[in-house]
Protein chains: 2
Amino acid sequence: MARPRTFDEERALDAAMRTFWEKGYEATSTQDLCDATGLGRSSIYNTFKSKHDLFERALARYIDSMTSTQLAVLEERRLTAAERIRTLLAMVVDGETEHRAGGRSLGCLTVNTTVELAARDSRAAGMLERDTARRLAALRAVLEEGRRDGSITSRRDAGALARFVNAAIGGMRISSQGGADRSALESIADVTLDALTA
Amino acid sequence: MARPRTFDEERALDAAMRTFWEKGYEATSTQDLCDATGLGRSSIYNTFKSKHDLFERALARYIDSMTSTQLAVLEERRLTAAERIRTLLAMVVDGETEHRAGGRSLGCLTVNTTVELAARDSRAAGMLERDTARRLAALRAVLEEGRRDGSITSRRDAGALARFVNAAIGGMRISSQGGADRSALESIADVTLDALTA
DNA sequence: CAAGTTTTGAACTGATCGATACATAACGAA
DNA sequence: TTCGTTATGTATCGATCAGTTCAAAACTTG
């Protein structure tokens, strides 16, 4: 029984997420967020408590969509464990190739946030840590399965291999932001897989 | 024939570098730089043209010291190629363990700058690209040598292996900033080396 | 000591920051 | 249609931003 909103909150959140992804948290002004979402300041502050609250919601949205997509691949029963990891790395290559602005890769919002904020924003750091724990657990499960199905022949501890794969993904994203092209990323993925079958 | 400076420019540069390293470029205010260096605003603007100029000098200093230290290891003739890579990765682990603030690793200023600024600061991006090219060339030379001395048995192209090692280092730094402890980093380094002998 | 040059500290600039106040517009319920 | 409520646009808040101005201080040289 009151005036309804004229915008879609989810779409606004997507626009804000993209802006934080492109420019980072500090370099994004509230005016940038107004421009990107098409909302006025009042609407933004009426819907979200603050710039930081909006950032947390945007980061949560990014983590949700990104990690759930990746975990789905890791649970694909029709593939061997090694094939799942290979597919995951191929998805990272595709993502880095797709998400660009100004001729450069945007990288990954979780990696970018780890670098920019983890040290001085404990709430963001907590979100990132929980996401990392989830990803590592899923990777570990797949790698243990790979030991059983024979597609992962490395004798290393599955937890160590999981941390390695997770680090390799981060390294690929950094390399991409630093200018590495698709074929460079593909070769990094290939060598990464070598380590699992060493 | 004029009033001399009462501060050491190199020490000021070190203090500024540390501040940018800890907080990032955007989150570092000129007041932070005054506090960290102990200098007044006039002295800073009299010595450096701007905040951005000071940042470039600080980044150049970081790149110089970091890369020259690492390249020295890669040229250590008494070690096999694989041993040099192993030593390099151990140095990264040590660096991440040492350089901390607020209970968290600071990561690496070049990685941090790649994430925060490469997309919209072409001067910084250029400095980082030249540094990456130097590092990749050195890694590639070592890996080719490893093929000859037998310590690197991977059949992959040396350029691909070089990009892989460089990415792995970046991934270790991100992992460290995300909360990975020393033993986690060591295990990532171990698996990274496995890929070179696959 | 005095002239000449540079450094230094403090006050200050306009711009922009994140956030708020408030009046008005726009809707649903009665 | 009228009331109650929420959304929205505008104007503005105090704080802080990077950077400048300027006079006084401090040194070297003659």
Side-chain angles (χ1 to χ4, degrees), chain A residues 1-60 109 112-113 116-117 120-124, chain B residues 1-60 109 112-113 116-117 120-124:
Chain A
M1 64 189 214
R3 180 174 176 179
R5 290 202 171 132
T6 59
F7 65 91
D8 178 5
E9 189 170 318
E10 306 260 297
R11 288 179 68 87
L13 214 43
D14 271 334
M17 184 196 79
R18 174 86 186 183
T19 307
F20 285 126
W21 192 0
E22 281 180 21
K23 310 184 60 164
Y25 179 76
E26 297 287 351
T28 297
S29 69
T30 53
Q31 187 58 50
D32 290 333
L33 295 167
C34 291
D35 296 345
T37 60
L39 306 187
R41 311 178 68 71
S42 296
S43 298
I44 285 188
Y45 277 93
N46 189 40
T47 309
F48 310 98
K49 289 187 328 201
S50 63
K51 175 187 173 183
H52 192 272
D53 179 64
L54 174 52
F55 175 76
E56 282 182 32
R57 303 250 328 245
L59 177 60
L109 183 58
N112 297 0
T113 303
E116 188 185 1
L117 292 182
R120 58 205 165 81
D121 182 337
S122 59
R123 293 178 61 88
Chain B
M1 60 203 207
R3 180 174 175 177
R5 290 203 170 130
T6 59
F7 65 91
D8 178 4
E9 190 170 320
E10 306 260 294
R11 289 178 68 89
L13 214 44
D14 272 334
M17 183 197 79
R18 174 87 188 185
T19 307
F20 285 126
W21 194 359
E22 282 180 20
K23 309 184 62 165
Y25 179 75
E26 297 287 350
T28 297
S29 69
T30 53
Q31 186 58 50
D32 290 334
L33 294 167
C34 292
D35 295 346
T37 59
L39 306 187
R41 311 176 69 70
S42 297
S43 298
I44 285 187
Y45 277 92
N46 189 42
T47 308
F48 310 98
K49 289 188 326 199
S50 62
K51 175 187 173 183
H52 192 271
D53 178 66
L54 174 51
F55 176 77
E56 282 182 31
R57 303 255 321 250
L59 177 59
L109 183 57
N112 298 359
T113 302
E116 189 185 3
L117 292 182
R120 58 204 166 80
D121 182 336
S122 59
R123 293 178 62 88

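Residue numbers start from 1 in every chain, and the chains themselves are labelled A, B, ... in the order their sequence lines are given, proteins ahead of strands.
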(message) Output the rounded distance in Å from CD (B:Gln31) to P (C:dA10).
(response) 11 Å
(request) Using only side-chain N and O atoms of A:Tyr45, determine if any of them is under 4.0 Å from OP1 or OP2 of C:dT20. (result) no
(request) Please tell me which of the listed nucleotides, D:dT8, D:dC17, D:dG19, lies nearest to the side chain of A:Arg5? (result) D:dT8
(request) May I ask you to say what B:Thr30 touches in the nucleic acid, namely base, sugar-phosphate or nothing, with a heavy-atom cut-off under 4.0 Å? (result) base
(message) Output the rounded distance in Å from CZ (A:Phe48) to P (C:dG18).
(response) 16 Å
(request) Report the nucleotide, chosen from D:dA18, C:dT8, D:dA7, that has the shortest atom-to-atom distance to any side-chain atom of B:Arg41. (result) D:dA18
(message) By nearest heavy atom, map A:Ala2 and A:Leu39 onto DNA chain D; which one lands nearer the 5' end?
(response) A:Ala2
(message) Base of C:dA10, side chain of B:Ser42 - is there a donor-acceptor contact under 3.5 Å?
(response) yes
(message) So, under a plain 3.5 Å distance rule, would you say the side chain of B:Arg3 forms a donor-acceptor pair with the base of C:dT6?
(response) no
(message) Measure CG/B:Asn46 against C1'/C:dA10 and give the value in whole Å, please.
(response) 16 Å
(request) Measure the distance from CG on B:Leu54 to P on D:dC17 and round it to the nearest whole Å. (result) 16 Å
(request) Rounded to the nearest 0.5 Å, what's the gap from CG on B:Asn112 to CD on B:Glu22? Could you check? (result) 11.0 Å
(request) Drop me the distance from B:Thr47's OG1 to B:Asp53's CG, to the nearest 0.5 angstrom. (result) 10.5 Å
(request) Figure out the NZ/C1' separation between B:Lys49 and D:dT20, and round it to whole Å. (result) 17 Å
(message) Regarding B:Phe7, tell me which of base, sugar-phosphate or nothing describes its non-hydrogen contacts under 4.0 Å with the strands shown.
(response) sugar-phosphate
(message) As a test of reading the structure: which of D:dT8, C:dA19, C:dC27 is closest to the side chain of A:Ser43, going by heavy atoms?
(response) D:dT8
(request) Can you measure from CZ (B:Phe7) to CG (B:Leu39) and round to the nearest 0.5 angstrom? (result) 5.0 Å
(request) Give the rounded distance in Å between these two atoms: CD1 of A:Ile44 and P of D:dT10. (result) 15 Å
(message) Rounded to whole Å, how long is the line connecting atom CD of A:Glu26 with atom C1' of C:dT16?
(response) 14 Å
(message) Counting only side-chain heavy atoms from C-beta out, which of D:dG9, C:dT8, D:dG19 sits nearest to B:Thr6?
(response) C:dT8
(request) Could you tell me whether a side-chain N or O of B:Lys51 sits under 3.5 Å from a main-chain N or O of B:Thr28, the two making a donor and an acceptor? (result) yes
(request) Please check if any side-chain donor atom of B:Ser29 sits under 3.5 Å from a side-chain acceptor atom of B:Asp32, or the reverse. (result) yes
(message) Does B:Thr28 reach a base, just sugar-phosphate, or nothing at all? Heavy atoms under 4.0 Å.
(response) sugar-phosphate
(request) Rounded off to whole Å, could you give me the CG-to-P distance for the A:Asp32 and C:dT16 pair? (result) 12 Å
